[in-house]
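Written out below as structure tokens is the structure these notes cover.
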Amino acid sequence: MKKFFYWLRKTIPEILFPKKCLNCNKEGSYLCEDCFSLIEISENQFCPFCYPPKIVANGRTCPSCQKTKKLNGLYSATIYQDRLVKRLINRFKYSPYVKELAEVLSLLIITHIQLLNKTPNDFKNFLLIPIPLNKRKIRKRGFNQSMLLAREMSKFLKIDILDNVLIKTRQTQDQVGLDNAERNKNVKNAFDCQNKEAVKGKNIILIDDVFTTGATMEESANTLKKAGAKEVWAMVIARG
């Protein structure tokens with residue numbers, strides 16, 4: 001009986017809302033192979049903070065930005081300005097029926113990593129931490145999209161997720177529409193590390209969907225380094 005209700009709960013949404021490519025409407029998946037190939041996936045890494053973007057050979061934050069920033073580097077699969085990428089991410093964050101998009105979108109990050117000629121072995125000394133949401137947002141969405149991405153990347157990279165270590169201590173305004181200064185102020189002191197021993201001396205990869213100005217990632221990295229983390233990198237689907 002339990003198996004029947006599990007099947008029913010899983011199958012009914014698929015009957016009412018069959019999977020269709022969010023670009024061409026072809027049935028079978030939320031992003032068909034043909035449309036996946038339309039997305040330009042980066043073969044380079046860029047300094048997280050330089051504008052215009054500056055390619056960095058080792059993926060690290062450039063020496064100039066290192067003087068004032070805590071984030072050590074960034075993996076970003078593509079650009080948020082791509083209309084298809086933006087549509088996929090928006091549906092991923094705000095539609096309750098497409099959590100499976102985590103698998104599709106994580107494949108963009110995986111492809112980016114492979115184009116950089118990196119393998120899971122290059123990440124064996126890292127741990128994953130999803131950017132946390134406040135409790136109100138989780139109740140509204142029903143899930144944290146960063147955790148869904150982290151789970152998929154954990155399978156590929158074969159590294160562990162540290163859950164409930166980095167927490168959001170207060171509700172912040174949505175970053176959309178804020179300028180750089182407002183974004184920085186909005187997330188200032190908004191995070192805390194609940195278990196310093198878990199991150200002390202460790203290399204961390206922060207997972208999120210989009211990197212825009214980097215305010216959220218930088219504040220998170222600052223919190224983790226104060227707790228003793230050795231290095232903190234960012235990994236996202238797209239850079240804004």
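Position 1 is the first residue of the sequence, and the numbers go up from there.
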Joint cluster assignment, [X] & [Y], ILVMFWY side-chain distance < 4.5 Å:
X: Leu148; Y: Ile110; value: yes
X: Ile55; Y: Leu115; value: no
X: Leu127; Y: Leu206; value: yes
X: Phe143; Y: Ile89; value: yes
X: Val210; Y: Phe46; value: no

Closest heavy-atom contact between [X] and [Y]?
X: Asn144; Y: Ile131; value: ND2-O, 3.1 Å
X: Glu152; Y: Ser106; value: CB-OG, 3.4 Å
X: Cys47; Y: Cys62; value: SG-N, 3.5 Å
X: Cys65; Y: Phe49; value: SG-CB, 3.9 Å
X: Leu101; Y: Leu88; value: CD1-O, 3.7 Å
X: Met217; Y: Ile207; value: CE-C, 4.2 Å

So for atom [atom1], which belongs to [X], do other residues, nucleotides or ligands contribute more than 12 heavy atoms lying within a distance under 6.0 Å?
X: Gln114; atom1: CD; answer: yes
X: Gln194; atom1: CD; answer: yes
X: Glu33; atom1: CD; answer: no
X: Glu103; atom1: CD; answer: no

(message) Would Asn222 and Phe191 count as a side chain to side chain contact (heavy atoms under 4.5 Å, CB included) here? Give the steps.
(response) CA-CA 9 Å; Asn222 185 45; Phe191 300 97; over 6 Å; no
Taking atom [atom1] of [X] and atom [atom2] of [Y], what is their separation to the nearest 0.5 Å?
X: Thr61; Y: Glu218; atom1: OG1; atom2: CD; value: 8.0 Å
X: Ser76; Y: Ile109; atom1: OG; atom2: CD1; value: 9.5 Å
X: Ser220; Y: Ile204; atom1: OG; atom2: CD1; value: 11.5 Å
X: Ile167; Y: Thr223; atom1: CD1; atom2: OG1; value: 10.0 Å
X: Ile205; Y: Leu157; atom1: CD1; atom2: CG; value: 6.0 Å
X: Asn25; Y: Lys20; atom1: CG; atom2: NZ; value: 5.0 Å

(request) Hey, can you tell me if Tyr75 and His112 have their rings parallel, tilted or perpendicular (30° and 60° cut-offs)? (result) perpendicular
Does a side-chain heavy-atom distance below 4.5 Å link [X] with [Y]?
X: Val85; Y: Ile79; value: no
X: Lys86; Y: Gln81; value: no
X: Asp82; Y: Glu40; value: no
X: Lys70; Y: Leu224; value: no
X: Lys202; Y: Leu162; value: no
X: Met153; Y: Phe123; value: no
X: Gln145; Y: Leu133; value: yes
X: Asp160; Y: Ser154; value: no

Any side-chain to backbone donor/acceptor pair from [X] onto [Y]? Under 3.5 Å, distance only.
X: Asn90; Y: Arg87; value: no
X: Arg239; Y: Pro48; value: yes
X: Gln45; Y: Leu74; value: yes

(message) Pair Asn195, Val199 - check side chain to side chain contact (heavy atoms under 4.5 Å, CB included), show working.
(response) CA-CA 7 Å; Asn195 187 347; Val199 302; over 6 Å; no
(message) Show, in sequence, the C-alpha distance, side-chain angles and deciding distance for Asn23 and Phe36, and conclude whether the side chain to side chain contact (heavy atoms under 4.5 Å, CB included) test is met.
(response) CA-CA 9 Å; Asn23 190 51; Phe36 185 98; over 6 Å; no
(message) Between Ile39 and Leu31, does the side chain to side chain contact (heavy atoms under 4.5 Å, CB included) criterion hold? Intermediate values first, please.
(response) CA-CA 11 Å; Ile39 298 173; Leu31 185 65; 4.1 Å; yes
(message) What I want to find out is whether Glu231 reaches Arg60 closely enough, with some N-O distance under 4.0 Å, to be called a salt bridge.
(response) yes
(message) Does either side chain, that of Asn72 or that of Lys230, offer a donor lying less than 3.5 Å from an acceptor on the other one?
(response)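 Their side chains do not contain a donor-acceptor pair, so the 3.5 Å distance test is not met.
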(message) For Asp208, give me all partners under salt bridge (Lys or Arg N to Asp or Glu O under 4.0 Å), at least two apart in sequence or on another chain.
(response) none
(message) Using the salt bridge (Lys or Arg N to Asp or Glu O under 4.0 Å) criterion, which residues pair with Lys93? Sequence neighbours excluded.
(response) Asp209
(request) If you link ILVMFWY side chains whenever their heavy atoms are less than 4.5 Å apart, which other residues fall into the same cluster as Val56? By chain and number, please. (result)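 In the cluster with Val56 there is nothing else; it is isolated.
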